[in-house]
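The structure displayed is predicted, hence computed values, not measured ones. Letters A, B, ... are given to chains in the order of the sequence lines, protein chains preceding strands, and every chain is numbered from 1. Side chains included, hydrogens not; waters and symmetry mates left out as well; all remaining heavy atoms used.
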There are 2 protein chains.
Amino acid sequence: MKGTGLKWFSSSLAIFVCASVWGQDTLRISDFSLMPGTRENAVGIVQKALAQCREKKVPVLIFPKGRYDFWPQYAIEKEYYESNTDVIALRRCGILIEDVKHLVIDGQGSEFVFHDRMQPFTVDHSEDIVIKNVSIDWEIPMTAQAEIMDVTDHYIDIAINVLESPYIIEEGKLTFVGEGWKSRWTGVMEFERETKLIAPQTGDAGCLGADYEDYKAEQVRYGLVRLHYAFKRKPAKGNYLVLRHSDRDHAGMFIVDSKRVSIEHLNMYNNAGLGILSQYSQDLMFKNVNSIPNPAKNRIFAGHDDGFHYSNCKGSIVVDSCRFLGLMDDPINVHGTSVRIVERKTNRTLVCKFMHHQSVGFIWARAGEKVGIIENNSMLTIGSATVESFKTITPELFEITFQQPVPTSVAEGYALENLTWTPDVHIKNSFFGSNRARGILMSTPGRVIIENNTFESSGAAILIAGDANNWYESGAVTDVVIRHNTFNDPCMTSMYQFCEGIISIYPEVPKPQVGHAFHRNIRIENNTFHPFDFPVLYAKSVDGLVFFGNTLIRSHRFYPFHTRQSTFTFENCLNVQVTGNSFVGDVLGKNIKLINTSRKAVKIDKKQGLVIE
Amino acid sequence: MKGTGLKWFSSSLAIFVCASVWGQDTLRISDFSLMPGTRENAVGIVQKALAQCREKKVPVLIFPKGRYDFWPQYAIEKEYYESNTDVIALRRCGILIEDVKHLVIDGQGSEFVFHDRMQPFTVDHSEDIVIKNVSIDWEIPMTAQAEIMDVTDHYIDIAINVLESPYIIEEGKLTFVGEGWKSRWTGVMEFERETKLIAPQTGDAGCLGADYEDYKAEQVRYGLVRLHYAFKRKPAKGNYLVLRHSDRDHAGMFIVDSKRVSIEHLNMYNNAGLGILSQYSQDLMFKNVNSIPNPAKNRIFAGHDDGFHYSNCKGSIVVDSCRFLGLMDDPINVHGTSVRIVERKTNRTLVCKFMHHQSVGFIWARAGEKVGIIENNSMLTIGSATVESFKTITPELFEITFQQPVPTSVAEGYALENLTWTPDVHIKNSFFGSNRARGILMSTPGRVIIENNTFESSGAAILIAGDANNWYESGAVTDVVIRHNTFNDPCMTSMYQFCEGIISIYPEVPKPQVGHAFHRNIRIENNTFHPFDFPVLYAKSVDGLVFFGNTLIRSHRFYPFHTRQSTFTFENCLNVQVTGNSFVGDVLGKNIKLINTSRKAVKIDKKQGLVIE
């Protein structure tokens, strides 16, 4: 980890020590006439408190334990381009920490309740920030849930908690109405009543079957809705449906252009988009941060989309002892943003385009940063260059000039990735429960350690992808260790994009080149897998892949359904090693399927009893 | 009426004609991308539309029929001293019409739904304004109601609609929690289930008896609360309780320093204080304006306090075809604000004090205005003077200088009233249903006609008061006609302050002077009364009182309870005439009680069969 994480963690500890010794730097929000439990809008008062914090050396802002409410009134509205988030004119910042050096916000176990659409925390151009001991929730969340009361061939009846999710029926469609918004039901996930797991074989396939959107809603009584339709798949009576709706327009916390930010003992129970979005920031520590359903509220869903989303970060990212459950997208996603070259203006100047409509407008590079040039068919990095200047043209387009000429072959369609904003990542001691989609998405050339975690993700537990033609989430890996994790049997009970195995390494390389791989140096060691189905590991375009010392124990909890009946699949891989693994019970397949991969490239030891196909 | 009202009404009509002929002056809120039913906050968009209205000659702003929501975010906050309203630093103006000449706002039957504490409409320094065809309500009102589910000797159970009135129980007390506020239950009124009338003999006496505040609340289930207490009076199972709480900090509509304002076809279903407060304004017409419970919502309560409150207005006030029901204070109150002299600085300069804590901070007078000087014990106006200058010292204190010396006797304790700001009032064709307290409070020396109305107020139907020692609501009357009204039997079923008869003329004169009366020239003619109890008319300190041609029909609907067993009482009156009235059925008393009133001062005709005591 280059030591950055540890050094920084010590300096973070220093803040606490100073603060508690020098009591004069401690402010209480109650000193600003805001008492917990009053239900009054805290936004303006917190702004005053933060202004006063600026006058302290090492300020600690304490919220005496209780409930605090936040409404958009007085919220500072700022133009932010937030990664993987809908583009809107202004983001409403509930608590804005901007241009701050040193600050601790200690909620002391408080519950921050938000209203309408807003961004609870924004940390912008700040350093040495600690936010801890606080829960974030909404009075009326931007995701709803329902209990399935009856299932027939012609309709299903669902019960909705109207205090939490008031709704109307408009043009026969279930439409949620909140504080300042109205939003039609657009997506659905089924969770099992007892296990709280996503019902097997639903996921992207859909728990209500195709064309379920053609339902017609009827009010039985307020809180009980009959959905008339001959649903092609029927959910189970007693199970819960998470009813997805509304836009992805604010993160639960947005950390941008900041350094040394530590989030500790924080529960993110709801948000209007990504949970904690870190962007162009460095040296981040998340400890005991939970993206889970609010246990006090009989909830089945947590955040609106991802848990922790790291876009174009650098330095060290540490995720320790965190929990993810009931999210409507991936718990952790680490990636850069690659861009497409649309014009070669001179031999040093290119015009580039952000290709994902939710990831535009960034200051994508600064002078002196190193940029890799990718040929988009082979996905090979054909060179790199150092940035001289960067100029935004439109939110989608920018002009970049390098200190050196770029190779003459570089043309429209090629991609650039910023190699400076690539973090080291250490994810440990965490729980990845049943969420929509995958567990961890990892795209960074930095050093990655994933250890001592438990995965019960409904799709792949770990996905290492990469493409420069579709999502443009960049970051071929170069050094990944996955060790001492437990992959429980819910993994891969549902299919989602790129989920080809419990660990799925699946870059999109339109025209692979023989002898070249996109990813390299991935070691999967001493983990325990409980597969109920065939695919445990799918690896595509990896040079240097070790699967060593792992234990695979067959589970019979779910019915196998995967069409590809191989435990291991290696496609376009080089230097693969599958050794020292144990297979307990009738593990399915126990075979290795090779696709465009030389038999010689795969080293196995015989006693494992594996068959290569 | 000096013709003002009619002239102005014609000019108001002219606005409509112009607007519909010159279509170019019509703006639609939908042109500003605000469609009905979206639940988005309309406040900022309406501001933009109003700004554009300024560029039109005779602008008409139309809201296509539907629901529009208003939150405090973006609301302009202004310092206003509002009459008979709690003093707070800033009032939140939902829709602010300021410095506008000519504007029609036409809701076309729309429903404006407000959130948190705010003032839906503010008309400030504006002229020729029409607001029409709109309903004002709240998603979570600042008054609650409950159905009485069970009544025992030790507790009562009440059911609360938690969608409309969410609550918590805090320290054993029922506490309502809304959007931006928390507010403990502080007052209660009982309404009968079928009749929707206030339960007889409750009113200020209290429907739960003395010390009911000592109850202890217990949650049976959310929405059903057990109030543990041996209530000294027990409400009836099945009846409704209106649970009063929260402050009186914003009017539903505040008309200030404005001229020619017409409100038509407007329903005021809820507000955070007085319904429509008109202050230092002139020539106002309210037609088909209803302060009633929202019929779509099974409500029993309407506004938080008064219906229409006119403080220090002048010119003509017309109230035509309006309805009042379920208000928690008087439907109509017309008065000036008198002030107490606290210091005689020079023979022309006095320091005065606003004496009612909710009525302070006004620009109480302007150069050239006429002020009356009242000796506070006799309540006699001992002189008048013309204002030279006015200076605010504090919100409570001001300095006033007159063009002439004030009489030498004028000293601390005397009161001033502003005789310029005294309107003519015409109230007709209106319904005054069962509201907490009285029907009409009238204190103005202007010409007053109250005709063709129906009264079912729980206290006195009409109160003509006046004092300069307590409430400081000024305005001795000089010309009042009350004719062709029907006073139904609910009138005077409950006691409230100053309610001494169905018509109660009750100024507070600490030391009456023989031969002098506070009020004069009141004619009560050709009305129909349905008294169930003794007191029909109580008149104190009136010179020139006619009760002529009225029909009194005994009702047996309620049990008489009033301790004063006389139909008519005249106290300190001069020139009274009770003639030509008919008594149908066993009207109670049929007697006249005289207090400090000469027998010779009272003219009756024999055939009425009245006894003078």
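- Put simply, of A/Gly180, A/Ser183, A/Gly178, the one with the most heavy-atom pairs under 4.5 Å next to chain B is A/Gly180.
- Here the side chains of B/Leu163 and A/Tyr222 are in contact, with some heavy-atom distance below 4.5 Å.
- At a 4.5 Å heavy-atom cutoff, A/Arg117 makes no contact with chain B through either its backbone or its side chain.
- Minimum interatomic distance between B/Glu170 and A/Gly37 (heavy atoms only, all atoms of both residues): OE2-O, 4.4 Å.
- With a threshold of 4.5 angstrom between heavy atoms, B/Glu164 does not approach chain A through any atom at all.
- Here the CD-CD distance, from B/Glu179 to A/Glu179, works out to 6.0 Å after rounding to the nearest 0.5 Å.
- More than 12 heavy atoms of other residues, nucleotides or ligands sit less than 6.0 Å from atom NZ of A/Lys297.
- Side-chain atoms of A/Lys182 never come within 3.5 Å of backbone atoms of B/Glu40 as a donor-acceptor pair (strictly under, hydrogens ignored).
- Heavy atoms closer than 4.5 Å to chain B are found in the side chain of A/Trp71, but not in its backbone.
- Rounding to the nearest 0.5 angstrom, the gap separating the OH atom in A/Tyr74 from the CD atom in B/Glu77 is 3.0 Å.
- Note: A/Val177 leads A/Ile168, A/Val177, A/Asp116 in heavy-atom pairs under 4.5 Å with chain B.
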